[in-house]
Amino acid sequence: MTSRAVAPGLFAERDGVPHLIGSACRSCGTTTFPQQDGCPRCTRVDMQPCELPRTGTLWSFTVQAFRPKPPYQGPEEFTPYGVGYVDLGAVLVEARLTESDPEKLRIGAPVELVLEPFRTDSEGTDVVTFAFAPTAPSTD
Amino acid sequence: MDVAIIGIGIHPFGRTDGVSGRQQALHAVREALRDCSLDWSDMQFAVGGSRDGGDADTLVADLGQTGLPFLNVWNGCATGGSALISAVASIQSGASDLGMVIGFDKHPRGPFNADPESMGLGAWYGETGLMLTTQFFGLKAQRYLHDHDLDPAILSTIAAKSFRNGALNPNAWRRTAISEQDIASSTMVSHPLTQYMYCSPGEGAVALVLCRADKARAYTDRAVVLKGVSFRSRRFGSFEVFSPWLSPERGDSPTVEASQAVFELAGVSPQDVDVAQVQDTEAGAELMHMAETGLCKHGEQEGLIRSGATEIGGSLPINTDGGCIANGEPIGASGLRQVYENALQLRGDAGNRQVPGSPQVAFTHVYGAPGISACTILTR
């Protein structure tokens, strides 16, 4: 079984550990995800790629309960998935969550980056995207 | 120079099978002309827009090819507001005295499917299932309830009011009251928002005839004055739909700036507002927009809503026509529907949903992708 990233430049693995690739403005320090050329805060064009922290806390969450219309390309057989913003310090990143039960999700809960196949393309290749997984059981 | 609205027309919102978006627009235009006893040939200019209903300027094939300047406007949920800004500028500049603003739409069933690349986002964002307005509303409401320690049950209370008001509005799509319990237990769409808390893309059309306020009396004794119209895009740090990332530095939503701008233009304060129509693509939006517009403070909403303040007979009636939740959201027409409703309310023509006590100041607000807002103030 082969696999590929859903898009180049979003994430990478180093020593088997995944991280997201953002960009940081050399002028004002603003961090974006994914990478972009211009800074939306100070308007300068001086961004450099940077690795984002792989752990953070859940800033908000919801659950995608129905199969989206295109451009969504996930499997025909739909399984609800969580979606959240994760506070990584310099930036809040929107991502799929491995947990889809709202009762088990909590704002402020610690989460960590994982890579997961979310569909198989027409050539039988697993298409991998990034997601965040809870790192400790939720207590309330 | 003030600008007046002298004629108003609407095609009922909802689903009208067999009637195109353009035909709905024609109906609204003819109703607006009839309302002020004018003809299409009296119009010195027109501005109009639609997302899925066709090009507004092609309406001249049916209305009359009089050679008038006709601007097509497309600006997302602020299409109607942008058309109004353009019309007001044309009149205030002295270029024209009298013209028409038109908004209409007819969307396919189901949620909008946005194209990531047309919005500067990678295809992966849509492919992996992150590009849904419904998701954003859930994420924003979830965080807002948390930040202001609000009871999620208030979302059902808001939607129940929308359906109750819609039941009083002959032009609304959803005209049956639904209990808070049924709203709360309807299908979960994006936690904490259920199916009946959301509006749906739909159909409808609105047309307004505008003229210099000092000439309004020549046409009607029922003019209302458009004291201000504003439009703003997002500032860095605001929490907007279709954002793969947010800054930890929080900025105000465009709603905040568009609202402040329109109150300043009109020379009134939020406390002066007698009736308000605010963007309620879902119940959480009404909750948040009540405060972002300045109509109340953040966190005050729950008490206001539970006390009945936002009901038609309350101290701050909101979405008296049922809002987007009861009318659906034909994007090109939705913002002008709010203005139509406020014009009716100020005239005293809103029938069994009339706000009592002769309202004098009326406010409208829309919000949409990718972080835009347009507001108006109408007075008698």
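Quick note on labels: first sequence line is chain A, next is B, and so on, each numbered from 1. As a basis for the values below, the full set of heavy atoms in this structure was taken, side chains included, without hydrogen atoms, waters or symmetry mates.
Note: B/E249 CD to A/T30 OG1 = 6.5 Å, rounded to the nearest 0.5 Å. The CD atom of A/E94 sits 10.0 Å away from the CE atom of B/M131 when rounded to the nearest 0.5 Å. Annotation: the span from A/T62 atom OG1 to B/F137 atom CZ amounts to 12.0 Å, rounded to 0.5 Å.
Judged purely by atom type and a 3.5 angstrom limit, A/S60 uses its side chain to pair as donor or acceptor with the backbone of B/L139. The closest donor-acceptor contact from the side chain of B/Q142 to the backbone of A/F61 lies under 3.5 Å. Checking side-chain atoms of A/T129 against main-chain N and O of B/T128 turns up no donor-acceptor pair under 3.5 Å.
A 6.0 Å sphere centred on NZ of B/K297 holds no more than 12 heavy atoms belonging to other residues, nucleotides or ligands. Applying the 6.0 Å contact sphere to CG of B/D151 captures more than 12 heavy atoms from other residues, nucleotides or ligands. Annotation: A/E13, atom CD; neighbour count of heavy atoms from other residues, nucleotides and ligands within 6.0 Å is above 12. Atom OH of B/Y196 sits in a sparse spot, with 12 or fewer heavy atoms from other residues, nucleotides or ligands closer than 6.0 Å. Atom CZ of A/R44 has 12 or fewer neighbouring heavy atoms from other residues, nucleotides or ligands inside a 6.0 Å radius. Atom CZ of B/R235 is surrounded by 12 or fewer heavy atoms from other residues, nucleotides or ligands within 6.0 Å.
Looking at every heavy atom in both residues, B/L246 comes nearest to A/V91 through O-CG2, 3.6 Å. In plain terms, the two heavy atoms of B/S190 and A/Q64 that are nearest each other are OG-OE1, 4.0 Å. Here the closest non-hydrogen pair linking B/W245 and A/Q36 is NE1-OE1, 4.0 Å.
For chain B, the nearby parts of A/T32 are the backbone and the side chain; heavy atoms of each come within less than 4.5 Å. Interface residue A/A90: only backbone heavy atoms are found under 4.5 Å from chain B. Contacts of B/F136 with chain A are absent, with no heavy-atom separation under 4.5 Å from either backbone or side chain. There is no contact between B/T187 and chain A, counting heavy-atom distances below 4.5 Å. Neither the backbone nor the side chain of A/F78 comes within contact range of chain B; no heavy atoms are under 4.5 Å apart. Contact of A/V127 with chain B is made through the side chain alone, with heavy-atom distances under 4.5 Å. At a 4.5 Å heavy-atom cutoff, A/R67 makes no contact with chain B through either its backbone or its side chain. Looking at A/L10, only its side chain comes within 4.5 Å of chain B, counting heavy atoms on both sides.
Counting heavy-atom pairs closer than 4.5 Å to chain B, the top-ranked of the candidates A/Q73, A/R41, A/K69 is A/R41. For the options B/G251, B/G138, B/P244, heavy-atom pairs under 4.5 Å to chain A are most numerous at B/P244. Listed options A/V93, A/L92, A/V83 were ranked by heavy-atom pairs under 4.5 angstrom with chain B; first place goes to A/L92. When A/F33, A/Y72, A/W59 are compared by the number of non-hydrogen pairs under 4.5 Å with chain B, A/W59 comes out ahead.
Between B/W124 and A/F11, the ring centre distance reaches or exceeds 6.0 Å.
In this structure, A/R96 and B/L130 have side chains that are in contact, with non-hydrogen atoms separated by less than 4.5 Å.
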May I have the step-by-step check of side-chain contact (heavy atoms from CB on, under 4.5 Å) for B/L132 and A/F66, ending in yes or no?
-> CA-CA 11 Å; B/L132 288 94; A/F66 62 90; 3.8 Å; yes
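A perpendicular orientation is assigned to the rings of B/F239 and A/Y85, their planes being inclined by more than 60° (bins at 30° and 60°).
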